[in-house]
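Naming: A, B, ... by sequence-line order, numbering from 1 per chain.
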Amino acid sequence: MSILVLADLHEGQLAGATAHVIAAAQQIGGDIDVLVAGEGVQAAAEAAAKLDGVSKVRVADNAVYAHQLAEPMGALLVELAGDYTHVLASASTTGKNVLPRLAALKDVSQLSDVIAVDSADTFKRPIYAGNAIATVKSDDVLKVITVRSTGFDAVGEGNSAPVEAVDVVVENSQSSFVKEELAASDRPELGGAKVVISGGRGMGNGENFKLLDGIADKLGAAIGASRAAVDAGFVPNDMQVGQTGKIVAPDLYIAVGISGAIQHLAGMKDSKVIVAINKDDEAPIFQVADYGLVGDLFEILPELESKL
Amino acid sequence: MKVLVAVKRVIDYNVKIRVKADHSDVDLTNVKMAMNPFCEIAVEEAVRLKEKGVATEVVAVTVGPKAAQEQLRTALALGADRAIHIETDERAESLAVAKLLAKVVEEEQPGLVVLGKQAIDTDNNQTGQMLAALTGLPQGTFASEVAVDGEKVHVTREIDGGLQTIALTLPAIVTTDLRLNEPRYAKLPDIMKAKKKPLDVKTPADYGVEVASKVSLLKVESPAERKGGVKVASVDELIDKLKNEAKVL
C-alpha cells in the first residue's frame with residue numbers, strides 16, 4: 001500500500017493537524033508520502049520531512065497553488081493520485097474543500113472525518129453529529145479520506161525524509177484569491193482550542209458575556225455559546241457550539257447557564273472534561289458534566305475569575 | 001440568471017437519534033423529518049437573490065424517497081418557483097447525488113447552484129465540491145457572504161481561524177455556512193400557494209445514473225455513553241478538582 005497525505009498549511013506554515021493525519025496513515029500501513037502544495041512552502045516541506053513515518057515529501061511550490069484554492073489543488077491531486085492506494089487529508093476546511101473534488105474526478109466515494117482505522121479498507125466515522133458511530137468499508141480502488149485529528153495522537157519529529165519537487169503545474173482561470181481576514185484575537189479559534197467556555201440563555205443578555213472574558217483570558221480559552229443564546233440575539237452565530245454550529249472536543253469545556261439541549265450536547269460531548277455551572281440542579285447538562293456547580297452564575301463567575 | 005438550489009430531507013435537528021437494535025443503521029421509523037438546516041440557508045439565499053433582482057428563477061431539487069416532496073414543497077413555500085424530485089428509495093451517497101445534480105445542471109444551465117455545506121445525518125460535507133468537480137465549475141464552499149457582481153461572484157468563506165474571500169467566474173457552485181443568513185419561516189398563504197407550483201418527478205434512471213455506492217455500511221453504534229460526574233459545593237472545590245483530579249488546569 002502507498003499513501004499520500006496532503007499537508008495542512010496555516011499561513012504558509014505546516015499546521016499541527018498533519019502529524020495526526022500521518023498517525024492515521026501509519027495505522028493503515030505502507031509507504032507514506034506527504035504532499036506540500038502552495039507558494040513559498042519550502043519551510044513547511046522541511047517541517048514535514050521531520051515527522052516520523054514519512055517516506056518522502058513532495059513539494060509543489062507554485063503561484064497557482066497559493067492559498068490552496070480548490071480547483072488547482074484538486075487538479076494537482078488527480079495528477080498525483082495514480083501512484084497511491086489512499087489519499088488522506090485532515091478534516092480541516094482545506095481538506096474538506098479539496099478532497100471531494102479528487103474523489104469525484106476519480107469516480108470514487110470519500111470517507112469524511114474518520115476517527116479510527118479498523119483495517120486498510122474499513123474505518124469508523126461519526127454520523128449525526130457524533131450521536132452515532134458508523135463502521136464503513138470502501139471497495140473503491142482509491143480510498144479518499146479526511147481524518148479528524150482528535151482521533152489520532154500526533155507522530156513525533158525525529159525523521160529526515162527526502163524532499164523532492166513536483167513539477168506538475170495546472171491552469172486556473174476560474175477562481176482567484178481576494179483577501180483573508182484571520183482572527184486577530186489573542187483567543188484561540190473555537191474549533192482548535194484546548195479550553196472552551198460557553199454561555200447559554202442563562203447569561204441573560206449579550207452584555208453579560210463579558211463575564212466570560214476574564215476567565216477565558218486566564219485559561220487561554222475560546223468563547224462559545226449555545227444555540228439558545230444565539231437565537232436570543234446575545235451573540236453572533238459564529239460562536240455557536242452544537243449540531244448546527246461548531247463541533248468541539250477540547251480538554252476542558254465549561255458550560256455556563258446552558259441547560260444542555262440535545263443539539264448543544266452533540267457539539268461538545270467529546271470534550272475530555274466537562275464543567276457545568278447552572279442554577280437549576282435538574283438541568284440535563286449535569287448528566288454529562290464531570291463536575292457540576294449549582295448556583296448563581298453572576299456570583300460564581302467573578303469568584304472563579306479571581307481564584308484562577 | 002437562474003439559481004438551482006439543492007435540498008435534503010433529514011431527521012429534525014432537535015430529535016434525539018436512536019441506533020437500531022441490530023446495529024444496521026439509525027432508526028428513522030416514526031421520527032420527525034425536516035429540511036436539513038444548511039439547505040434552509042441555501043433556499044433563503046437563493047430567494048434573496050431573486051428578491052434583489054439578481055436571480056430570475058429559483059429551481060429547487062432533491063434526491064430521495066417520495067416523502068422528500070414535503071421538503072420541496074417547503075422550498076416552494078419559501079419562494080422557489082418550481083421543483084425537481086429525483087425519486088429513489090436507495091441510500092444515495094454524495095457521489096451519486098453529485099452525479100444526478102450534474103445532469104440537472106447540464107439540463108437547466110443555472111448561473112449559480114447553492115447547496116448546504118453538509119447534511120446533518122451523514123455529515124459528509126462533499127456533495128457541493130463533487131458537483132463542482134464533475135461540472136468543471138468553480139466552487140465557493142462554507143459561504144458566509146455571497147455577492148454576485150456582473151460576470152463574477154465573490155464568496156466569503158468560513159475557514160479555520162477566520163474568513164477568506166475568493167472571486168469565481170460564473171456559473172459557480174456555492175455551499176452555505178451558518179452565518180450566511182437567517183432563514184425565514186413559511187407563511188400560511190405561501191404554503192397554500194406552494195401546493196400549486198410545478199413539481200417534476202424523475203428517477204435516477206432518467207438521467208442514466210447508478211445510485212449504488214462501493215462503500216458499505218457495516219455497523220452503526222451509539223458512542224460511548226458519557227456518565228455524569230459529581231456535584232461540587234464551591235468554586236474552591238471546583239478549582240481543586242480541575243487541578244488535582246482532572247489535571248486540566
Any donor-acceptor pair under 3.5 Å from [X] side chain to [Y] backbone:
X	Y	answer
A/S175	B/L168	no
A/E71	B/A132	no
A/R101	B/M130	no
B/Q129	A/K96	yes
B/Q139	A/N97	yes
B/Q126	A/Q110	yes
A/S112	B/N124	yes

Reported [atom1]-to-[atom2] distance for the pair [X] and [Y], which is rounded to 0.5 angstrom:
X	Y	atom1	atom2	value
A/L182	B/L163	CG	CG	8.5 Å
B/Y13	A/Q263	OH	CD	6.0 Å
A/K137	B/K219	NZ	NZ	14.5 Å
B/I239	A/K307	CD1	NZ	7.0 Å

Take atom [atom1] of [X] as the centre, draw a 6.0 Å sphere, and report whether it contains more than 12 heavy atoms from other residues, nucleotides or ligands.
X	atom1	result
B/E182	CD	no
A/K218	NZ	yes
A/E303	CD	yes
B/K214	NZ	no

Do you know which of [options] has the most heavy-atom pairs with chain A at a distance under 4.5 angstrom?
options	result
B/T169, B/L170, B/N14	B/T169
B/H23, B/Q164, B/K227	B/Q164
B/I166, B/L238, B/D121	B/D121
B/T127, B/L242, B/I159	B/I159
B/L178, B/V10, B/D25, B/T156	B/L178
B/R18, B/E245, B/K243	B/E245

Item to complete: Check the pair A/T93 / B/E158 against side chain to side chain contact (heavy atoms under 4.5 Å, CB included), numbers first and verdict last.
Response: CA-CA 8 Å; A/T93 45; B/E158 305 234 5; over 6 Å; no

Side chain, backbone, both or neither: which part of [X] has an atom under 4.5 Å from a heavy atom of chain A?
X	answer
B/P37	side chain
B/S94	neither
B/A233	backbone
B/I17	side chain
B/V19	side chain
B/S234	backbone
B/V26	side chain

Residue among [options] with most heavy-atom pairs under 4.5 Å to chain B:
options	answer
A/V78, A/T146, A/I274	A/I274
A/H10, A/R227, A/K124	A/R227
A/P100, A/A104, A/A15	A/P100
A/N131, A/I262, A/D238, A/D140	A/D238
A/T122, A/V108, A/D113, A/V294	A/V108

How close do [X] and [Y] get, counting heavy atoms only, and between which atoms?
X	Y	value
A/V178	B/A167	CG2-N, 3.7 Å
B/L249	A/L219	CD2-CD2, 3.4 Å
B/L217	A/A134	CD1-CB, 3.7 Å
A/A132	B/V220	CB-CG1, 3.8 Å
A/I127	B/T122	CG2-O, 3.9 Å

Worksheet item: Checking side chain to side chain contact (heavy atoms under 4.5 Å, CB included) for the pair A/Y128/B/K16: CA distance, chi angles, key distance, verdict?
Response: CA-CA 10 Å; A/Y128 294 88; B/K16 188 169 168 61; over 6 Å; no

Worksheet item: Of A/V195, A/D290, A/V275, A/L252, which is the lone residue that meets side-chain contact (heavy atoms from CB on, under 4.5 Å) with B/V248?
Response: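 Considering A/V195, A/D290, A/V275, A/L252, a side-chain contact (heavy atoms from CB on, under 4.5 Å) with B/V248 is found only for A/L252.
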
Can you say whether [X] sits under 4.5 Å from chain B via the side chain, the backbone, both, or neither, judging by heavy atoms?
X	value
A/Q174	both
A/A129	both
A/I285	neither
A/D281	both
A/E11	neither
A/L293	both
A/K194	neither

Worksheet entry | Audit row: A/D270, B/R226, salt bridge (charged side-chain N to carboxylate O under 4.0 Å, His left out) steps and yes/no | CA-CA 9 Å; A/D270 290 331; B/R226 205 177 171 107; over 6 Å; no

Discussion item. Here's one to test your reading of the geometry: is the NZ or CZ of B/K231 within 45 degrees of the ring axis of A/Y291 and under 6.0 Å from its centre?
Written reply: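 Relative to the ring axis of A/Y291, which defines the angle, B/K231 lies outside at least one limit.
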
Worksheet item: Would A/V136 and B/L218 satisfy side chain to side chain contact (heavy atoms under 4.5 Å, CB included), going step by step from the backbone distance to the final call?
Response: CA-CA 6 Å; A/V136 289; B/L218 300 185; over 6 Å; no

Item to complete: Check the pair B/K99 / A/D107 against salt bridge (charged side-chain N to carboxylate O under 4.0 Å, His left out), numbers first and verdict last.
Response: CA-CA 10 Å; B/K99 284 179 182 175; A/D107 197 25; 2.7 Å; yes

Worksheet item: Going by heavy atoms in the side chains, are B/V215 and A/D139 under 4.5 Å from each other?
Response: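 No. Closest side-chain heavy atoms not under 4.5 Å.
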
Worksheet item: Taking it one step at a time, do B/E221 and A/T135 satisfy side chain to side chain contact (heavy atoms under 4.5 Å, CB included)?
Response: CA-CA 8 Å; B/E221 298 160 287; A/T135 304; 4.1 Å; yes

